[in-house]
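Take a look at the structure set out below.
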There are 2 protein chains.
Amino acid sequence: MAEAEAIDIDLEIIVQGAHGRSKPELRLWLRMLSTTKLISQEIRRRLRAEFGATLPQFDLMAQLYREKDGLRLGELSKRTMVTNGNVTGLVERLEADGYVQRVTPDGDRRVTVAKLTEAGVILFAAMAAAHEGWLQDMMADIDPHAVTALWSEIGTVKTSANNHLAAAFE
Amino acid sequence: MAEAEAIDIDLEIIVQGAHGRSKPELRLWLRMLSTTKLISQEIRRRLRAEFGATLPQFDLMAQLYREKDGLRLGELSKRTMVTNGNVTGLVERLEADGYVQRVTPDGDRRVTVAKLTEAGVILFAAMAAAHEGWLQDMMADIDPHAVTALWSEIGTVKTSANNHLAAAFE
DNA sequence: TGGCGACCTTTGACATTTCAAATATCTGCT
DNA sequence: AGCAGATATTTGAAATGTCAAAGGTCGCCA
């Protein structure tokens with residue numbers, strides 16, 4: 001299958017107009033976006049193939065995994081960067097599958113707390129181990145120093161972006 | 001509104017187990033993912049607010065913009081990294097809005113070629129200009145040298161990932 | 001010339017996504 | 001007590017996303 005050649009074409013050919021050259025910020029963004037998309041899709045494929053799970057489910061379970069007491073849906077929403085309405089459905093399906101359980105605490109009946117079931121803990125532990133391995137595999141060709149350096153540099157990107165969001169004009 | 005504080009919590013708190021420390025590759029991945037998500041969402045908000053358009057529509061139009069003769073849907077699918085089935089609907093809606101036109105070439109009736117209409121060209125040009133500005137804004141706090149360096153380093157990430165995809169075992 | 005296999009797009013079933021509006025519940029103030 | 005405003009979640013509509021299967025069309029070869 002001529003699947004591989006498709007991969008190099010990619011999003012990076014976006015915008016940068018007929019004129020040709022585009023601003024470095026735009027180039028960087030397009031490369032970040034296409035790289036992230038590429039890796040995400042690979043992870044999604046493998047999660048599906050090996051565990052029958054989706055990436056959003058994995059993300060959600062990851063948050064619950066490190067909070068044994070569970071999380072309110074609003075907290076889950078913030079941490080997964082997913083809207084409230086979306087969390088509702090995600091949790092619903094995970095509950096139907098028996099990996100997550102919903103509880104309403106006594107104190108406040110507006111609140112719903114989601115936590116992993118035992119089956120959920122077991123499944124997630126397996127997925128997390130595989131997931132980490134996949135990443136090491138996919139990043140195997142990168143100089144280890146570069147990995148750390150990149151982590152740090154991308155931190156500045158994130159900070160900068162955070163400081164220039166239109167929404168949060170408090 | 002306590003919107004800003006949510007942003008720093010984020011995906012990065014994924015996985016890395018109860019044990020704490022996680023592999024550098026995983027940390028890098030989580031940071032790339034959360035940063036990309038953050039910026040994507042901001043762009044989506046602004047596209048919607050200022051142009052009533054969605055990000056996938058923008059992406060698709062970007063591809064068509066630089067190919068005046070249009071693209072076959074399969075090509076569009078590869079370049080936007082979106083599945084075939086998805087492209088069908090995307091193009092359908094853009095056609096309904098009058099920004100894209102579908103044509104079946106004489107030679108091969110299996111093929112559908114999509115191209116921007118005049119209205120599409122005009123709209124996209126405006127969006128692209130704004131889009132580039134938003135990115136420069138969001139990346140304003142980054143050292144310009146770092147922007148270029150990052151672009152290059154992320155290239156190695158992309159290459160490495162590409163070389164370790166499970167799918168393309170040709 | 002008939003048909004098989006390859007190629008291109010659409011369709012259908014689901015899951016995820018966002019936004020906005022609707023529900024429920026709680027809190028504090030009068 | 002009682003209600004206004006703040007909080008928390010759900011719902012509903014529309015778009016996007018995947019995958020697998022189905023539909024056409026084409027090319028080639030026996």
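Because the structure is a prediction, the values reported are computed rather than measured.
A salt bridge links Glu42(A) with Arg45(A): at least one charged nitrogen is closer than 4.0 Å to a carboxylate oxygen.
To the nearest angstrom, P of dT9(D) lies 13 Å from CG of Leu60(A). Rounded to a whole Å, the CG atom of Asp97(B) is 14 Å from the P atom of dA14(D). At whole-Å resolution of the value, CG in Leu90(A) and C1' in dT10(D) are 14 Å apart. As a whole-Å value, the separation of Leu73(B) CG from dC8(C) P is 11 Å. Rounded to an integer number of Å, the gap from Glu95(B) CD to dT10(C) P is 10 Å. Rounded to whole angstrom, the span from the CG atom of Asn84(A) across to the P atom of dA20(C) amounts to 13 Å. Atoms CG (Asn86(B)) and C1' (dA15(C)) sit 13 Å apart, rounded to a whole Å. Protein atom CG of Asp59(A) is 17 Å distant from nucleotide atom P of dA15(C), rounded to whole Å.
Listed nucleotides dT9(D), dT18(D), dT9(C) differ in distance to Thr112(A); the shortest reach to its side chain belongs to dT9(D). Of the candidate nucleotides dT17(C), dT10(D), dA8(D), dT17(C) has the atom nearest to the side chain of Pro56(A). Of the candidates dC19(D), dT18(C), dC26(D), dC19(D) carries the atom nearest the Thr83(B) side chain, counting heavy atoms from C-beta on. Candidate nucleotides dT18(D), dT11(C), dT11(D) were compared by shortest atom distance to the side chain of Thr88(B), and dT11(C) ranks first. The nucleotide whose nearest atom lies closest to any side-chain atom of Arg110(A) is, among dT7(D), dT18(D), dT9(D), dT7(D).
For residues 138-157 of chain B, no residue pair satisfies the salt bridge (charged side-chain N to carboxylate O under 4.0 Å, His left out) rule, not counting sequence neighbours.
When each of Lys115(B), Arg72(B), Arg79(B) is paired with Glu67(B), the salt bridge (Lys or Arg N to Asp or Glu O under 4.0 Å) condition holds for Arg79(B) and for no other.
Not one N or O on the side chain of Ser160(A) forms a donor-acceptor pair closer than 3.5 Å with the backbone of Thr156(A). Put simply, the side chain of Gln57(B) gets close to the backbone of Thr54(B): a donor and an acceptor are under 3.5 Å apart.
Contact annotation: Arg102(A) side-chain N/O to dA8(D) OP1/OP2 distance is not under 4.0 Å. Put simply, Gln57(A) has no side-chain N or O that comes within less than 4.0 Å of OP1 or OP2 on dA15(C).
Positionally, the nearest nucleotide of DNA chain C for Arg72(B) lies more toward the 5' end than for the other of Gly85(B) and Arg72(B).
Less than 4.0 Å separates DNA chain D from at least one heavy atom of each of the following residues of residues 46-55 of chain A: Arg48(A).
In this structure, Val82(B) reaches the sugar-phosphate backbone alone: every heavy-atom distance under 4.0 Å involves primed, P, OP1 or OP2 atoms, never a base.
Between the side chains of Asn84(B) and Ser77(B), at least one donor N or O sits under 3.5 Å from an acceptor N or O.
A distance below 6.0 Å separates the ring centres of Phe124(B) and Phe58(B).
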